Amino acid sequence: VAPLAVVFVFGLISLVYSYAPAAFFKPLYPIDYEAYVKQSSISHNLDPFLVCAVIKSESNWDPEAESNQGAQGLMQIMPETGEWIAWLQGKEYDESRIFEPDYNIDLGCWLLSFLLEKYNGDVELAAAAYNAGHSAVNRWLDDPKYYDGKNLTIPYEETENYVKKVKDAYEKYQFLRESEHEAGRE
């Protein structure tokens with residue numbers, strides 16, 4: 001009886017969730033630091049809602065977030081990655097600013113743009129590389145055990161879950177944008 005009840009509850013939640021109005025999602029999918037997100041998205045030719053999805057998935061909009069592995073800030077930048085990005089940009093990496101939203105978002109947007117370009121705009125591959133590193137994704141793409149020429153099987157459960165989380169958040173942010181746009185037309 002208990003498994004049936006769990007299935008029923010999840011089914012009911014899914015039904016409500018799939019037909020919920022945008023007002024339900026808005027508090028769950030905020031856009032904090034909107035000016036920084038927009039500015040960096042424009043500078044790096046990104047959809048700001050993809051940037052929001054990455055931030056939501058990485059730190060849930062906590063600018064002071066720090067992972068056990070040492071990733072920091074809204075977009076969870078590893079210090080080595082921040083140094084690498086700054087070096088490629090011909091800039092000095094400023095570790096003291098990593099928790100500042102504008103600096104962190106700009107570094108994360110540069111990385112996301114780099115990964116999208118590297119993987120021909122494929123959001124799933126870019127998200128996987130954002131989480132596991134592009135070296136890992138390149139190894140998977142070169143290994144027929146993980147990639148058959150069309151479909152990638154992500155061997156890291158954490159990365160597979162992360163990609164799903166980013167895609168789900170991206171869909172929710174797009175839904176909110178469309179709902180707001182439609183409401184503005186009425």
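Source: prediction; values computed, not measured. Note: hydrogens, waters and symmetry copies are ignored here, and every other heavy atom, side chains too, is used.
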Does CD belonging to Glu157 count more than 12 external heavy atoms closer than 6.0 Å?
no
Take atom CH2 in Trp87; do more than 12 heavy atoms of anything else shown fall under 6.0 Å from it?
no
Below 4.5 Å, heavy atoms only, C-beta onward: do Leu111 and Leu107 meet side chain to side chain?
no
Using the ring-ring contact (aromatic ring centres under 6.0 Å, His included) rule, collect all pairs that involve residues 62-83, keeping only residues at least two apart or in two chains.
none
Check whether any side-chain N or O of Tyr162 sits under 3.5 Å from a backbone N or O of Tyr130 as a donor-acceptor pair, and report yes or no.
no
Judged by atom type as modelled, is there a donor-acceptor pair below 3.5 Å linking the side chain of Thr81 to the main-chain atoms of Ile77?
no
Do the non-hydrogen side-chain atoms of Tyr146 and Ile154 ever get within less than 4.5 Å of each other?
no
Atom CG of residue position Asn45 - does it have more than 12 heavy atoms of other residues, nucleotides or ligands inside 6.0 Å?
no
Closest heavy-atom contact between Leu50 and Tyr170?
N-CE1, 3.3 Å
Mind telling me whether His134 and Phe114 have parallel, tilted or perpendicular rings, with 30° and 60° as the class edges?
perpendicular
CD of Glu160 to NZ of Lys165: how many Å apart, nearest 0.5 Å?
14.5 Å
With side chains defined as the heavy atoms from C-beta onward, is the minimum distance between Asp106 and Tyr103 less than 4.5 Å?
no
Can you confirm whether Glu83 is buried at CD, in the sense that more than 12 heavy atoms of other residues, nucleotides or ligands lie under 6.0 Å from that atom?
yes
Working to the nearest 0.5 Å, report the span between CG of Leu74 and CD of Glu58.
10.5 Å
Would you say Tyr119 and Trp84 are hydrophobically clustered, going by side-chain heavy atoms of ILVMFWY under 4.5 Å?
yes
How far apart are the closest heavy atoms of Gln76 and Ala65, and which atoms are they?
NE2-O, 3.2 Å
Decide yes or no on side-chain contact (heavy atoms from CB on, under 4.5 Å) for Arg97 and Asp102, but give the supporting numbers first.
CA-CA 9 Å; Arg97 295 189 59 213; Asp102 62 328; 3.2 Å; yes
Look at atom OH of Tyr93 and say whether more than 12 heavy atoms of other residues, nucleotides or ligands are closer to it than 6.0 Å.
yes
Backbone N/O of Gly149 and side chain of Tyr147: donor-acceptor pair under 3.5 Å:
yes
Testing the basics here: between Trp140 and Pro155, what is the closest heavy-atom pair and its distance to 0.1 Å?
NE1-CG, 3.2 Å
For Cys109, is there any backbone N or O sitting under 3.5 Å from a side-chain donor or acceptor partner on Ser40?
no
Please tell me if the side chains of Tyr173 and Ile31 come closer than 4.5 Å, counting only heavy atoms from C-beta onward.
yes
So, for Val166 and Ala53, which heavy atoms are closest and what is the spacing to 0.1 Å?
O-CB, 3.6 Å
I'd like to check Leu141 versus Leu125 (side-chain heavy atoms, cut-off strictly below 4.5 Å). Are they in contact?
yes
According to a 4.5 Å side-chain heavy-atom criterion applied to Ile, Leu, Val, Met, Phe, Trp and Tyr, with indirect links allowed, do Ile98 and Leu88 form part of one hydrophobic cluster?
yes
Set out, in order, the CA-CA distance, both residues' side-chain angles and the distance that settles side chain to side chain donor-acceptor pair (under 3.5 Å) for Tyr156 and Asn131, then state yes or no.
CA-CA 10 Å; Tyr156 299 171; Asn131 181 261; over 6 Å; no
d(Glu171 CD, Glu178 CD) to nearest 0.5 Å is 10.5 Å
side-chain contact (heavy atoms from CB on, under 4.5 Å) assessment of Trp61 paired with Cys52
CA-CA 9 Å; Trp61 295 97; Cys52 289; 3.9 Å; yes
Any side-chain heavy atom of Asp47 sitting closer than 4.5 Å to one from Arg177?
yes
Given side chains that start at C-beta, do those of Lys91 and Ile85 come closer than 4.5 Å, heavy atoms only?
no
Just to verify, what does Lys167 make a side chain to side chain donor-acceptor pair (under 3.5 Å) with, not counting sequence neighbours?
Glu124
Tightest non-hydrogen contact, residues Gln72 and Pro79, listed as OE1-CG, 4.1 Å
Would Lys172 and Asp168 count as a salt bridge (charged side-chain N to carboxylate O under 4.0 Å, His left out) here? Give the steps.
CA-CA 6 Å; Lys172 297 300 182 291; Asp168 181 61; 2.7 Å; yes
Those residues at least two apart in sequence (or on a different chain) that pass side chain to side chain contact (heavy atoms under 4.5 Å, CB included) with Glu64 are Asp62, Phe99
What's the shortest heavy-atom distance between Asn104 and Gly73, and which atoms?
ND2-CA, 3.4 Å
Side-chain heavy-atom pair Lys118, Val137 within 4.5 angstrom cut-off
no
Neighbour count >12 (heavy atoms, 6.0 Å) for atom CD, Gln89:
yes
